[in-house]
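These values consider heavy atoms only, across backbone and side chains, with no hydrogens, waters or symmetry-generated copies. Note that the structure is a prediction, hence the values are computed from the model and not measured. Each residue takes its place number in the sequence, starting with 1.
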Amino acid sequence: MLIIFIGPPGSGKGTQASLLCEHLSITHLSTGDMFRTAIQQETELGRHAQDFINQGELVPDQLVVDMVAEAISRPPQADGCLLDGFPRSLPQAESLDEILSADGNGIDAVLELDVDEDTLVARLLDRQRPDDTLETIKNRLEVYSQQTSPLLDYYRQRGQLTSIDGKGTVQDVHERILADLPSGKT
């Protein structure tokens, strides 16, 4: 089973991804965590990623795709995983489709946590992190919107996208996710 989880900063995506992975007994693959591990272990991918990060640049799509392709081909991820933070762009989504089709696999579900901007801003400000100023939050949400809108349209047109109301308690949202999973996935 392969699930893609999409949600803006402050949507509760990390919490919900962990709950869903535990419920389905699948691995949670976060590209951020994967990069940190690759860099820490000084793998070839990690060294390349670190070069871009050190220059203040985004890691190129192909490097991200290569890292995810390697991860999903190994156990236990090969038996099922939830991708968190990938794909982030239309080219990454298209590359993932090519990788999966070459292996005879596909995406079982694309889940989007939908939360209005006012709620997101309030949640992020409540975290009281030094980098969570109103200006930086608004910027991150704008970047997310620009990058993700084409991605959501891509999966919507393919009939793979399920939008889930991300407002409410952690348990309420989790129950909506389970109810909205394609039949046979819970």
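- Between V65 and L96, every side-chain heavy-atom pair lies at or beyond the 4.5 Å cut-off.
- Distance check, rounded to the nearest 0.5 Å: OG1 of T15 to CG of L20 gives 12.5 Å.
- Nearest heavy-atom pair across G106 and L2 is O-CB, 3.9 Å.
- When all heavy atoms of S73 and A78 are compared, the closest pair comes out as O-CB, 3.8 Å.
- Residues L161 and L181 are members of separate hydrophobic clusters, defined by side-chain heavy-atom contacts under 4.5 angstrom among Ile, Leu, Val, Met, Phe, Trp and Tyr.
- In this structure, the separation between OG on S95 and CG on D66 is 9.0 Å, given to the nearest 0.5 Å.
- Pairing each heavy atom of G14 with each of H28, the nearest pair is O-CE1, 4.4 Å.
- Looking only at side-chain heavy atoms (C-beta outward), F5 and V110 stay at 4.5 Å or farther from each other.
- Side chain of Q92 to main chain of D61: no donor-acceptor pair is present (N/O by atom type, distance under 3.5 Å, no hydrogens or angles).
- For A17 against D84, the heavy-atom pair with the smallest separation is CB-OD2, 4.3 Å.
- For the pair A93 and P87, the tightest heavy-atom approach, listed with the atom from each and the gap, is N-CB, 3.5 Å.
- Rounded to the nearest 0.5 Å, atoms OG1 (T119) and CG (L124) are 10.5 Å apart.
- Residues I6 and I164 do not share a hydrophobic cluster, clusters being chains of Ile/Leu/Val/Met/Phe/Trp/Tyr side chains in contact below 4.5 Å.
- Here the CD1 atom belonging to I26 is positioned 4.0 Å from the CD1 atom belonging to I3, to the nearest 0.5 angstrom.
- Distance alone, capped at 3.5 Å, is enough to place a donor-acceptor pair between the S101 side chain and the E98 backbone.
- Connection of V173 to V115 is not established within any shared hydrophobic cluster, with ILVMFWY side chains joined at heavy-atom distances below 4.5 Å, either directly or through further cluster members.
- Using a 3.5 Å distance cut-off with no hydrogens or angles, the side chains of S163 and E112 do pair a donor with an acceptor.
- Atom CE in M67 sits 3.5 Å away from atom CZ in F35 (nearest 0.5 Å).
- With hydrophobic clusters built from ILVMFWY side chains whose heavy atoms lie under 4.5 angstrom apart, I4 shares a cluster with I72.
- We find the CD-CD distance between Q50 and Q40 to be 11.5 Å, quoted to the nearest 0.5 Å.
- Of the possible donor and acceptor atoms, one in the side chain of T37 sits under 3.5 Å from a partner among the backbone N and O of D33.
- Under a 3.5 Å cut-off, the side chain of D103 and the backbone N or O of N105 do not form any donor-acceptor pair.
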Run the numbers on E142 and K138 for salt bridge (Lys or Arg N to Asp or Glu O under 4.0 Å), then give the verdict. CA-CA 6 Å; E142 179 62 30; K138 293 270 190 184; over 6 Å; no
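- R158 and Y154 share a side-chain donor-acceptor pair at under 3.5 Å.
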Check the pair D153 / R156 against salt bridge (Lys or Arg N to Asp or Glu O under 4.0 Å), numbers first and verdict last. CA-CA 5 Å; D153 291 341; R156 189 176 292 114; 2.9 Å; yes
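- The shortest non-hydrogen separation linking R127 to R140 is NH2-NH2, 3.8 Å.
- At distances below 3.5 Å, at least one donor-acceptor pair connects side-chain atoms of S11 with backbone N or O atoms of P8.
- Looking at D132 and Q128, their side chains never bring a donor and an acceptor atom within 3.5 Å of each other.
- Panel note: side chain R176, backbone K167; a donor-acceptor pair is recorded below 3.5 Å.
- Of the N and O atoms on the side chains of T136 and N139, not one donor lies less than 3.5 Å from an acceptor on the other residue.
- Side chain of R123 to backbone of L120: no donor-acceptor contact under 3.5 angstrom is found.
- T148 places no side-chain N or O within 3.5 Å of a backbone atom of L151 that could act as its donor or acceptor partner.
- Residue I177 is not grouped with residue L29 when hydrophobic side chains (ILVMFWY) are merged at heavy-atom distances under 4.5 angstrom, including chains of intermediate members.
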